[in-house]
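First comes the structure, then the notes that go with it.
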Protein chains: 2
Amino acid sequence: MASTASTRVPLSRERVFQSAVDLVDAEGLGALTMRRLAEALGVEAMSLYHHVSSKEGVLDGIVEVIVGEMLDAVSDLDPSRADDDWPGAMRERVLAAREVLLRHPWAPEVIESRRAMIPAVVHYYEGVLAILRRGGFSYDLAHHALHALGSRVLGFTQELFEPDTPEGDEANEETFRQLAEQLPNLVGMLSSVNHDGEDTTLGWCDDQTEFEFGLDVLLDGLERARSRRSG
Amino acid sequence: MASTASTRVPLSRERVFQSAVDLVDAEGLGALTMRRLAEALGVEAMSLYHHVSSKEGVLDGIVEVIVGEMLDAVSDLDPSRADDDWPGAMRERVLAAREVLLRHPWAPEVIESRRAMIPAVVHYYEGVLAILRRGGFSYDLAHHALHALGSRVLGFTQELFEPDTPEGDEANEETFRQLAEQLPNLVGMLSSVNHDGEDTTLGWCDDQTEFEFGLDVLLDGLERARSRRSG
DNA sequence: ACCTGAACACCGTTCAAGT
DNA sequence: ACCTGAACACCGTTCAAGT
């Protein structure tokens, strides 16, 4: 019954979102416009609006895809581990999520810009909370823990500064050189911290070593707060 | 010598940035366009480009103004307090910065989007580092501490979700209702955490109580990491 | 040196029309 | 039901020209 002339697959929300992820993987966030996305799908820009309400909806959908990959990645971890080692269970979950981000290094920027209740994100947080509850946290302390961990539960650390792009302008380095003599502590810190290792990295500071170390400091501090409160 | 016909003050970077802050204070971030900003200054849009290189430069300038206010606010604190009570000194500094944000509640969003080395931000971090160093942190551990504290050193907590705007659509609440039975822990947490108090607030979760509590958990965890390492 | 007006090259999005 | 083409209402920014 199907015409053999055109085997075009009909558009769907899922195809739109996956295509958006592929486009950004290949060409960066700047390439994501409604026109470019439509082109990649072999369709006119306005056809997209039958499946998404706006470009904001596309960005939400991108997060749904990425965090969906995280949910897949954590689905075969053992939830009962949290009963007697919640920091270990959390660490395992978060590092699995981080591996997804290493395949989509632009994703933290998009995730940070979204505050809508995206189903995959909500489910991911539910799993984080489950670990904290099994580990003995009250709802109230678990809430504080979520905020203290921040983006780290999704596998990335916020950057403070971004280095200048290799080919771009040198505004940052120039600013820093001019101010350097008023900044003894920053100069000292930057010279003692390795910022050009070959380590797997999501950003200037966010390499695997820094991420794991900072995560462990937080998990330890939170476990201490928990045990102090539950007596 | 000066003509009395027009007492127009010449444009300057400082006037452009301050005017941008005033515009956003009055009408929100969405109102900030080069054309609107020029209008507020009684000038054509293109005149702005003699003083700033781009709209990105205006946003950097806004952060310079806001964090400049923070530097003023912390300038009369006693640096030597960190010598025997670094968590107290940090707490004092951070809460002073937060008071600036309470006057500009849109500012966290702008600050989060900037990664350039803005002079005021660099100086602010220098002061944060000075406290950690006086408190006995190695450069390496101070670096981890900065990332662990994240946006908190500038006085705000990242939100996880934003509630629906009062007049806006109800997409978030709708999503949540549909998923609620699969989310026992989130439902439990949200019902036990106060999200509609009259407290001074920067966001849904970021009220003064949550901010101070979460800050203290982190400061305590960091002090523990420090004392464990220095023996 | 500083500011302007018109224009350019994009955006996201609306709308009426096609099939 | 789904897709289209043209148009709208904006953007940020360039450029040649004014004073």
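Below, read A as the first sequence line, B as the second, and so on, with proteins coming before strands; counting in each chain starts at 1. All values below were derived from every heavy atom in this structure, side-chain atoms included, with hydrogens, water molecules and symmetry-related copies excluded.
- A:Val128 pairs in a side-chain contact (heavy atoms from CB on, under 4.5 Å) with only one of the listed residues (A:Leu154, A:Val74, A:Leu149, A:Leu146), which is A:Leu146.
- Contact check for A:Leu101 versus A:Pro108: side-chain heavy atoms found under the 4.5 Å cut-off.
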Are B:Leu160 and B:Trp204 close enough, and set up right, to give a side chain to side chain contact (heavy atoms under 4.5 Å, CB included), and what steps lead you there? CA-CA 9 Å; B:Leu160 305 177; B:Trp204 196 31; over 6 Å; no
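- Within a 6.0 Å radius of CD in A:Glu212, other residues, nucleotides and ligands contribute more than 12 heavy atoms.
- In this structure, B:Glu39 places its CD atom 13 Å from P of D:dC10, rounding to the nearest Å.
- Near DNA chain D, defined here as any heavy-atom distance below 4.0 Å, the residues from residues 52-61 of chain B are B:Ser54, B:Lys55, listed numerically.
- For the residue pair A:His147/B:Gln158, the side-chain donor-acceptor check at 3.5 Å is not satisfied.
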Check against side chain to side chain contact (heavy atoms under 4.5 Å, CB included), A:Arg133 and B:Met189: CA-CA 10 Å; A:Arg133 291 286 289 164; B:Met189 185 182 79; over 6 Å; no
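- No donor-acceptor contact under 3.5 Å links the side chain of A:His50 to the base of D:dC2.
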Pair A:Gln18, A:Glu14 - check side-chain hydrogen bond (donor to acceptor under 3.5 Å, both in side chains), show working. CA-CA 6 Å; A:Gln18 187 59 56; A:Glu14 287 66 34; over 6 Å; no
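- Between B:Leu37 atom CG and D:dC11 atom P there is a gap of 12 Å when expressed in whole angstrom units.
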Would you write out the dot-bracket form of DNA chain C, 5' to 3', with Watson-Crick and G-U pairs under 3.5 Å, [ ] for crossing pairs, | for pairs to other strands and . for unpaired bases? ||.|||||...|||||.||
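- Here the side chains of A:Phe211 and A:Leu202 are not in contact, with every heavy-atom distance at 4.5 Å or above.
- Taking side-chain N and O atoms only, B:Ser47 has no distance below 4.0 Å to OP1 or OP2 of C:dC2.
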Quick one: which protein N/O atoms are closer than 3.5 Å to N/O atoms of nucleotides 5-9 of chain D? Pair and distance per line, please.
unit_1 : atom_1 : unit_2  : atom_2 : d
D:dG5  : OP2    : A:Glu44 : OE2    : 3.4

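- Applying the side-chain hydrogen bond (donor to acceptor under 3.5 Å, both in side chains) rule to A:Arg36 yields the partners A:Glu27; only residues at least two apart in sequence or on another chain are considered.
- Under the ring pair (Phe, Tyr, Trp, His ring centres under 6.0 Å) criterion, A:Tyr139 pairs with no residue at all, not counting sequence neighbours.
- The backbone N or O of B:Ile118 lies less than 3.5 Å from no partner atom in the side chain of B:Glu64, so there is not a single donor-acceptor pair.
- A heavy atom lying under 4.0 Å from DNA chain C marks none of the residues of residues 17-31 of chain B.
- A:Arg36 has its CZ atom 9 Å from the P atom of C:dC11, to the nearest Å.
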Given side chain to side chain contact (heavy atoms under 4.5 Å, CB included), test B:Leu32 with B:Leu59 step by step and report yes or no. CA-CA 9 Å; B:Leu32 183 68; B:Leu59 289 167; 3.8 Å; yes
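- Rounded to whole angstrom, the span from the CZ atom of A:Arg15 across to the P atom of D:dC2 amounts to 14 Å.
- As a whole-Å value, the separation of A:Tyr49 OH from C:dA16 P is 17 Å.
- Two rings, from B:Phe161 and A:Tyr125, have their centers less than 6.0 Å apart.
- Taking every heavy atom of both residues into account, B:Ala97 and B:Tyr124 meet most closely at CB-OH, 3.4 Å.
- Put simply, CG on A:Leu48 is 11 Å from C1' on D:dC3, counting in whole angstrom units.
- Per the geometry, CE belonging to B:Met34 stands 15 Å off C1' belonging to C:dT4, to the nearest Å.
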